[in-house]
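Working notes, structure below.
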Amino acid sequence: MVDRPNKPTALATTPGLPPQPQVNFSHSNSRVSAALPTGESVEILLYGATVISWKNRFGIERLWLSDAAKLDGSKAVRGGIPLVFPVFGTAPDHAASSKLPQHGFARNSRWEFLGKSSSESTSPSDTSVKLDFGLSSATLDDATKSKWPYTFSIIYSVTLTPENLSTSIVVTNDGDQPFEFQTLMHTYLRIDDISKIQVSGLEDSEYVDKVDAAKAKTQSGAISIIGETDRVYTPAKGPSTPVVVSEEGEAVFSIVRDNLKDVVVWNPWTDKAAGMGDFEPKDGFKKMICIEAGSVNGWTTLDPGDAFEGAQTISD
Ligand code: TA6
C-alpha cells in the first residue's frame, strides 16, 4: 500500500449491511479513529494509546485537550485520556519504580494497534466499536526496560457506543517474578465553566488532599472546585456507584468503574496552569476537570502468569 501522509485507510466491513462503524488510520498511521453510523467518534494517538478526542453524535467534543498539547510523540499528551502505568506520580521510596518518570512510561511509549471489533448490527443505534492497543516489555525501549525490568504485556481497549466511552486495561505478568504497579486513566473532561461544576458520588469517602500537605480527610457532601484541587479518593461506595459531574445541576458526565478502586479529582487552577508549558489557554482550567479512575492507593502485586483487569465507562 502506498503510504501517503494523512491518507485515511478505511478498514473493510461486511458488504450489504447498513452503515457500520468506520475505523481509519491517519497522520502517517500515528492515529486511529473510529466513527459510529449515529455520528459519535473517537480518536486515539498510538503514542501512549492516548484518547485525544471523543465526540458525541452532534460532533461536540467531550474531552479537554490543551491547545499546546504535543501530539507528535515528543511528550505525554496534555489532555484527552493519558494512561498512567506502572506508577502514579513518582515513587522515590518504592525501589522498583523509583527510577521511572512521573506517571510511568505507558503514556509516552509507542503502542501497537492490535485491531478492531465492531458489533455488525442491522440497527445503527446499537452499533459499537472496540479498538485494542498493545504494549509489552518486548516493545518497550531499552532505556525504559532498564528502569523497570519486568516481563509484562498490556492490552488497552477503547470502546465507543452511542451512549458511552469505555477504556479498559489488562495487565499480564509474563515473567517469573512478581511485580507491583499502579494504574490510572487520567481523563480530562471538557466542561463549560468550572465554577458551575459539582461532583457527586464521593460523599463520605476518605481522600488524601495533595494541596493540603497530603492530609487524610473525609468528603462531606458534593465537591465544588474553587481553587487548585488534587485529591485521591477511596470511594465509600462501590465502583458501580457513578461519580457524577453536574453543571448547573444537570448531570453532564457519569463515570462507573470495574476493579479500579480509587478516583482522583484534579484541577490545576491558575498557578499550576500557568506553570505548565503545554497547558493552553492558561485559563483553560475553567473548561476542564480531571476525574481519574485508577488503582493508585498502595500497590497491586501481580504474580507470574496472573492478570489484572480494570475499566471505566464514561457516559455523557
Ligand atoms: O492526577 C493528578 C496529578 O497527579 C497532579 O498531581 C498533576 O501532577 C497531574 O497529575 C498532571 O501530571 P502531569 O505529569 O501530566 O503534568
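One-based numbering, in listed order, for ligands and for the atoms of each. Along the sequence shown, residues carry numbers from 1.
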Y188 to ligand 1: N or O pair under 3.5 Å? no

Say whether W266, considering both its backbone and side-chain N or O atoms, lies within less than 3.5 Å of an N or O atom on ligand 1. no

Just how far is it from atom CE of M185 to atom CD1 of I169, taken to the nearest 0.5 Å? 5.5 Å

Pull out every atom of ligand 1 sitting under 4.0 Å from any heavy atom of [X], numbered as shown with elements.
X	result
F88	1 (O), 4 (O)
E292	1 (O), 2 (C)
V264	1 (O)

Using the rule given for salt bridge (Lys or Arg N to Asp or Glu O under 4.0 Å), can you reason through R190 versus E61, listing the C-alpha separation, both sets of side-chain angles and the distance that settles it, and then say yes or no? CA-CA 7 Å; R190 179 184 290 269; E61 180 60 62; 5.3 Å; no

Shortest protein heavy-atom distance from [atom], along with the residue and atom involved:
atom	answer
atom 8 (O) of ligand 1	Q102 NE2, 3.1 Å
atom 16 (O) of ligand 1	R78 NH2, 2.9 Å
atom 5 (C) of ligand 1	D230 OD2, 3.2 Å
atom 14 (O) of ligand 1	R107 NH2, 2.9 Å

Decide yes or no for E292 and H186: does some side-chain heavy atom of the first lie under 4.5 Å from some side-chain heavy atom of the second? yes

Is there a side-chain contact between K145 and W148 (heavy atoms, below 4.5 Å)? no

Quick one: look at K272 and ligand 1, take heavy-atom pairs under 4.0 Å, and tell me if it's side chain, backbone, both or neither. neither

Look at the aromatic rings of [X] and [Y] and report parallel, tilted or perpendicular, splitting at 30° and 60°.
X	Y	answer
F308	F181	perpendicular
F113	F25	perpendicular
F179	F152	perpendicular
W266	Y188	perpendicular

Run down the list E228, H103, K75 and name the one with the heavy atom closest to atom 3 (C) of ligand 1. H103

